[in-house]
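Structure, as structure tokens:
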Protein chains: 2
Amino acid sequence: MVTLAKAQLDEVDLEILAVLTRDAEVTNKALARGLGLAESTCAHRVRSLRERGIIRDTRIRVDEAALGSPLQAIIKVRLANHTGPKVTALFDALAGIPRVLQVFHVAGVDDFLVHVAVQDATALRDIVLEHITVHPVVRGTETQLVFELRDGAGLLAR
Amino acid sequence: MVTLAKAQLDEVDLEILAVLTRDAEVTNKALARGLGLAESTCAHRVRSLRERGIIRDTRIRVDEAALGSPLQAIIKVRLANHTGPKVTALFDALAGIPRVLQVFHVAGVDDFLVHVAVQDATALRDIVLEHITVHPVVRGTETQLVFELRDGAGLLAR
DNA sequence: ATTGAAAGTGAGCTTTC
DNA sequence: GAAAGCTCACTTTCAAT
């Protein structure tokens, strides 16, 4: 990841990002019209944003519940010791567990926050017992059920 | 959101979702070829997945650092009391704060986990003090810096 | 740097097997 | 569910302001 170039974004760029962050399927034509730009100009700006790495990629978001995993949780993971290589190896292992959506490596009381979506409580327990606490470096875990998850206003809120 | 229809997904659907979850920009043609399907069949499948709500939407992912917010954190929020309406109102308020990426409403020691991306430590402090602890229902917060955030294997790992 | 116009490509639709 | 052909619209490229 060589994305050290200073942002250098103007108002138009920010507006483009704001739209695409909510819906990446808008056509270039519609995007241009919405922002009062020529289509060629708009397409050029978007391509530039991609080339500069401001836009990293675009992905679909799936309905976890419809996919059979209606139960979400955050599993806090605390380590016994914090020797570098072992921590990195655990990070990799956690991110590779099926049904894991995100893994936060954090500084503080906990070391990792593992966000999972599972079928039921049994599957949740299996992940904790079979995939997490099995690692010797893991001192303990604490699981919090997720009632609801919302998107925030984000970086582009005016 | 009326997405109660049982999933009813076969192997092909899952493979389509797996690809689009990593890169939603693949053309229908390339997707079809990659999975050994006719283009018409592939297009039909994808449309069906959208109509059924399995695919919720598609979004770009931006480089937060390039956008001037290189510092991420998780702010744990604990409440004094848990009366329904106030909790919901706070949820709305948290999700509406600029620079907030996600808000988890969880069951457990904490009530909310607020994921933010900010410019520096000062901006982080300002969010906590000016936007979170100002609410009377908030009993306390605890902030954890995010060293690194990784995508997990997800729901479609075989 | 933005614009307008022309050319290449993919998506969406219908029919057919 | 798969294949073929058709139309339309979009992206891209280029020359010009």
Side-chain angles (χ1 to χ4, degrees), chain A residues 2-63 66-68 155-156 158, chain B residues 1-68 155-158:
Chain A
V2 197
T3 317
L4 297 176
K6 264 288 173 221
Q8 195 77 314
L9 300 169
D10 63 12
E11 269 304 315
V12 175
D13 289 320
L14 295 178
E15 286 174 24
I16 289 173
L17 293 173
V19 172
L20 295 180
T21 298
R22 290 191 218 96
D23 175 18
E25 279 169 19
V26 288
T27 64
N28 179 65
K29 186 173 191 170
L31 181 59
R33 212 163 53 87
L35 301 181
L37 299 174
E39 295 173 28
S40 52
T41 307
C42 188
H44 182 261
R45 305 289 284 235
V46 173
R47 179 142 43 101
S48 170
L49 288 167
R50 285 187 201 283
E51 285 170 355
R52 285 186 284 166
I54 314 285
I55 295 177
R56 291 164 51 198
D57 55 22
T58 118
R59 302 188 166 188
I60 61 166
R61 300 198 309 166
V62 300
D63 184 332
L67 267 166
L155 300 181
L156 302 155
R158 59 212 92 187
Chain B
M1 310 293 175
V2 196
T3 318
L4 298 175
K6 264 287 175 226
Q8 195 77 316
L9 300 170
D10 63 14
E11 269 305 314
V12 175
D13 289 319
L14 295 178
E15 286 174 23
I16 289 173
L17 292 173
V19 172
L20 295 180
T21 297
R22 289 191 219 98
D23 175 17
E25 278 168 21
V26 290
T27 64
N28 181 64
K29 187 173 190 170
L31 181 59
R33 213 163 53 87
L35 300 181
L37 299 175
E39 294 173 28
S40 55
T41 307
C42 187
H44 183 262
R45 294 282 195 140
V46 173
R47 179 141 46 103
S48 171
L49 287 168
R50 284 188 200 283
E51 286 171 354
R52 284 186 285 166
I54 313 287
I55 295 176
R56 289 164 53 201
D57 55 24
T58 119
R59 302 186 166 189
I60 61 166
R61 300 198 308 166
V62 300
D63 184 331
E64 292 87 2
L67 267 165
L155 299 181
L156 301 155
R158 58 211 92 184

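What you are looking at is a predicted structure, and each value in this text was computed from that prediction instead of being measured. The chains referred to below are lettered A, B, ... by the order of the sequence lines, with proteins before strands, and numbering in each begins at 1.
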Open item on the list: Below 4.0 angstrom, which residues in residues 21-32 of chain A have at least one non-hydrogen atom near DNA chain C?
Closed with: none

TODO: Write down the distance between CZ (A:Arg50) and C1' (D:dT11), rounded to a whole number of angstrom.
DONE: 12 Å

TODO: Give every residue pair that meets the side chain to side chain donor-acceptor pair (under 3.5 Å) criterion with at least one member in residues 29-50 of chain A, sequence neighbours excluded.
DONE: A:Asp10-A:Arg45, A:Asp13-A:Arg45, A:Ser48-A:Arg52, A:Arg50-B:Glu25

- [ ] Calculate, to the nearest 0.5 Å, the distance between atoms CG and CG belonging to A:Leu156 and B:Leu67 respectively.
- [x] 6.0 Å

Task: By side chain to side chain donor-acceptor pair (under 3.5 Å) - contacts of B:Arg61 (at least two apart) - done: A:Asp57, B:Asp151

Give each protein N/O atom lying under 3.5 Å from an N/O atom of nucleotides 1-8 of chain C, with the pair distance.
unit_1, atom_1, unit_2, atom_2, d
C:dT2, OP1, A:Arg45, NH1, 2.5
C:dT2, OP2, A:Arg45, NH1, 3.2
C:dT3, OP2, A:Ala38, N, 3.1
C:dT3, OP2, A:Thr41, OG1, 2.9
C:dG4, N7, A:Ser40, OG, 3.4
C:dG4, O6, A:Ser40, OG, 3.4

Open item on the list: So, using side chain to side chain contact (heavy atoms under 4.5 Å, CB included) as the criterion, who are the partners of A:Glu11 when residues are at least two apart?
Closed with: A:Leu14, A:Glu15

TODO: For DNA chain D, write out the stems as range with range, using runs of 3 or more consecutive Watson-Crick or G-U pairs with both distances under 3.5 Å.
DONE: C:1-7 with D:11-17, C:9-17 with D:1-9

Open item on the list: Show the nearest heavy-atom pair for residues A:Gly53 and B:Asp63, with the distance to one decimal.
Closed with: O-CB, 3.3 Å

TODO: Check side chain to side chain contact (heavy atoms under 4.5 Å, CB included) between B:Ala30 and all other residues, then give those that pass, not counting sequence neighbours.
DONE: B:Thr27

Task: Gap separating the CZ atom of B:Arg59 from the OG1 atom of A:Thr58, nearest 0.5 angstrom - done: 11.5 Å

TODO: Considering just the side-chain nitrogens and oxygens of A:Arg47, establish if one lies under 4.0 Å of OP1 or OP2 belonging to D:dT13.
DONE: yes

Open item on the list: My understanding is that only one of B:Thr21, B:Val19, B:Ile16 makes a side chain to side chain contact (heavy atoms under 4.5 Å, CB included) with A:Ile60; could you say which?
Closed with: B:Thr21

Open item on the list: For A:Ala43, give me all partners under side chain to side chain contact (heavy atoms under 4.5 Å, CB included), at least two apart in sequence or on another chain.
Closed with: A:Asn28

- [ ] Give, for atom CG of A:Leu49 and atom CG of A:Leu17, the distance between the pair rounded to the nearest 0.5 Å.
- [x] 5.0 Å

